[in-house]
Amino acid sequence: MSALTAALYGALIVYLGGWYLDYWYGNFSLLLFILSAVTCAFWLAERFRFRPAREKAARQLEAGDAARRAELARLGIDKVDGDVAEARDKVLQQPWWLDWTAGLFPVIIVVFVMRSFLFEPFKIPSGSMIPTLQIGDLILVNKFHYGIRLPVINKKIIDNHELQRGDVVVFRYPVDPRMDYIKRVVGLPGDEVSYLNAQLKINGQPAPLTSLGEAYDDESIHYMAQFSEQLGPVEHRIQRRPQIAPFNEMQVSRFPQRELCRYSIEGFVCKVPPGHYFMMGDNRDNSLDSRYWGFVPDENVVGKAFFIWMNFGNLGRIGSFH
């Protein structure tokens, strides 16, 4: 069993090393599931086989020692060298390969359950959600707000709240579901979303905007126009270039149900299909979002982002971003 445990840890190191060096994509949910299953098997074996065997051996050791002492006492020998307690402790001691498998099961299963059904941490890798979220923000995502989903396969089994316009949502990228994206919900199923000449409209109604002046953007090294935008009950900030640039239709991919969208140099108009959502970044001129790769299916939704728990470059970022 020690050789098997060493082989399993070797495979884990190779997998994590290749993931870190970008030789392949990693699936952390699947990894946690496998680790939970493997450590659970070792934990059950320890609970019902290995530990009872060690306890039986310890009892036999104690019984043999007691019999030896009784025989010596019968012969008139009162003082007996040796203490069986140390030997008993060694017999009961858990071997390293069980300590690093069965011993880790409670920790791994707690992490797996919390990450799968309660909260999951994410790191913001790009500036597509500036000014709401900055590069390097470490955020928490509520996994149960929109319903309970089975881990790994992401199938919803219990409904909860519906997605609302203005929610900041983490989802699996429709083009490559191995990747997680974060954007703001702009269009719900059945909505008509248009973005023409940098003006967002939902079902023909402009999203209210209030100018906040210009602010310097470190990522683009330009001054950007910032606005307060209202989407449903949510008021948030967005930014875009001061001068409106023509929309480049050449950047739009051939995504499923693209026939529901019309593109021009002014922008686009899209009808959101049932069971899908239209997502946009708050950094409107620097966000690869539903304008370019299409709608997000409900089954791709991971959870609702709600809190910045750390930014090592700026501790003042910690807190709610709503």
Side-chain angles (χ1 to χ4, degrees), residues 16-17 19-22 25-29 31-32 107-108 110-146 161 163-173 178-186 209-242 279-289 301-322:
L16 293 175
W19 185 359
Y20 178 78
L21 296 173
D22 290 329
Y25 282 106
N27 186 325
F28 196 62
S29 295
L31 176 62
L32 272 181
V107 176
I108 292 176
V110 167
V111 172
F112 177 67
V113 170
M114 289 189 64
R115 186 184 182 278
S116 299
F117 301 107
L118 300 177
F119 305 104
E120 183 174 356
F122 286 88
K123 181 178 180 180
I124 303 300
S126 72
S128 68
M129 285 297 292
I130 294 174
T132 304
L133 296 171
Q134 303 287 335
I135 297 174
D137 282 347
L138 301 176
I139 64 170
L140 284 178
V141 173
N142 187 324
K143 299 291 290 285
F144 61 86
H145 184 80
Y146 300 126
H161 300 91
L163 273 74
Q164 301 294 322
R165 294 188 196 92
D167 287 355
V168 178
V169 174
V170 170
F171 54 90
R172 290 181 291 125
Y173 182 34
R178 295 172 300 180
M179 302 174 62
D180 292 316
Y181 269 33
I182 182 167
K183 305 291 179 188
R184 191 177 297 275
V185 179
V186 170
L209 282 180
T210 302
S211 176
L212 300 176
E214 293 187 357
Y216 187 75
D217 179 32
D218 291 329
E219 186 186 28
S220 63
I221 321 179
H222 287 91
Y223 280 94
M224 305 291 280
Q226 293 201 353
F227 300 86
S228 173
E229 182 180 74
Q230 188 84 24
L231 284 176
V234 178
E235 184 177 355
H236 61 280
R237 290 186 300 156
I238 66 168
Q239 74 175 26
R240 60 177 174 79
R241 297 188 186 94
M279 308 286 191
M280 293 180 68
D282 291 346
N283 195 354
R284 292 291 160 81
D285 292 325
N286 188 24
S287 174
L288 188 65
D289 50 37
V301 173
V302 173
K304 181 179 181 180
F306 70 99
F307 191 81
I308 301 170
W309 64 271
M310 178 56 71
N311 185 310
F312 292 105
N314 183 1
L315 297 181
R317 296 282 303 160
I318 297 174
S320 175
F321 53 82
H322 293 296

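It should be emphasised that the depicted structure is a prediction, and the values quoted were computed from it without experimental measurement.
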Handout entry: Step-by-step side-chain contact (heavy atoms from CB on, under 4.5 Å) determination, Asp282 to Leu133
Key = CA-CA 9 Å; Asp282 291 346; Leu133 296 171; over 6 Å; no

Practice task
Search all heavy atoms of Glu214 against all heavy atoms of Pro242 and return the closest pair with its distance.
Solution key: OE2-CG, 3.6 Å

Exercise for the section: Going by the side chain to side chain donor-acceptor pair (under 3.5 Å) test, name the single residue among Thr132, Asn311, Asn314 that passes it with Asp137. Expected result: Asn311

Fill in the blank from the handout: When rounded to the nearest 0.5 Å, the distance separating CD1 of Ile135 from OG of Ser128 is 9.0 Å

Exercise for the section: Determine the minimum heavy-atom distance between Arg165 and Pro233, stating which atoms define it. Expected result: O-CD, 4.3 Å

Handout entry: Separation between CD1 of Ile130 and CG of Asp217, rounded to the nearest 0.5 Å
Key = 5.0 Å

Practice task
Hey, can you tell me if Phe119 and Phe306 have their rings parallel, tilted or perpendicular (30° and 60° cut-offs)?
Solution key: tilted

Problem - Student check: side-chain heavy atoms of Gln226 and Ile238 closer than 4.5 Å - result: no

Practice task
Output yes when a side-chain donor or acceptor of Gln230 lies under 3.5 Å from a complementary backbone atom of Gly232, and no otherwise.
Solution key: yes

Handout entry: Side chain to side chain, Arg172 and Val302, heavy atoms closer than 4.5 Å
Key = yes

Exercise for the section: Looking only at non-hydrogen atoms, find the nearest pair between Ala305 and Ile139 and report the distance. Expected result: CB-CD1, 3.9 Å

Completion exercise
Shortest non-hydrogen pair, Val301 vs Phe171, comes out as CA-CB, 4.1 Å

Exercise for the section: Measure the spacing between OH of Tyr181 and CG of Asp289 and express it to the nearest 0.5 Å. Expected result: 10.0 Å

Handout entry: Nearest atoms (heavy-atom pairs only) where Ser116 meets Lys143
Key = O-NZ, 3.9 Å

Problem - Aromatic plane relationship, Tyr216 with Tyr223 - under 30° parallel, 30 to 60° tilted, over 60° perpendicular - result: perpendicular

Fill in the blank from the handout: Closest non-hydrogen contact found for Gly281 with Met129 is CA-SD, 3.8 Å

Exercise for the section: Would you sort out whether Asp180 and Phe122 count as a side-chain contact (heavy atoms from CB on, under 4.5 Å), showing the intermediate values? Expected result: CA-CA 9 Å; Asp180 292 316; Phe122 286 88; 3.3 Å; yes

Problem - Ion pair Arg184/Glu229, N-O distance below 4.0 Å - result: no

Problem - Heavy-atom check, side chain of Leu163 versus side chain of Met279, under 4.5 Å - result: yes

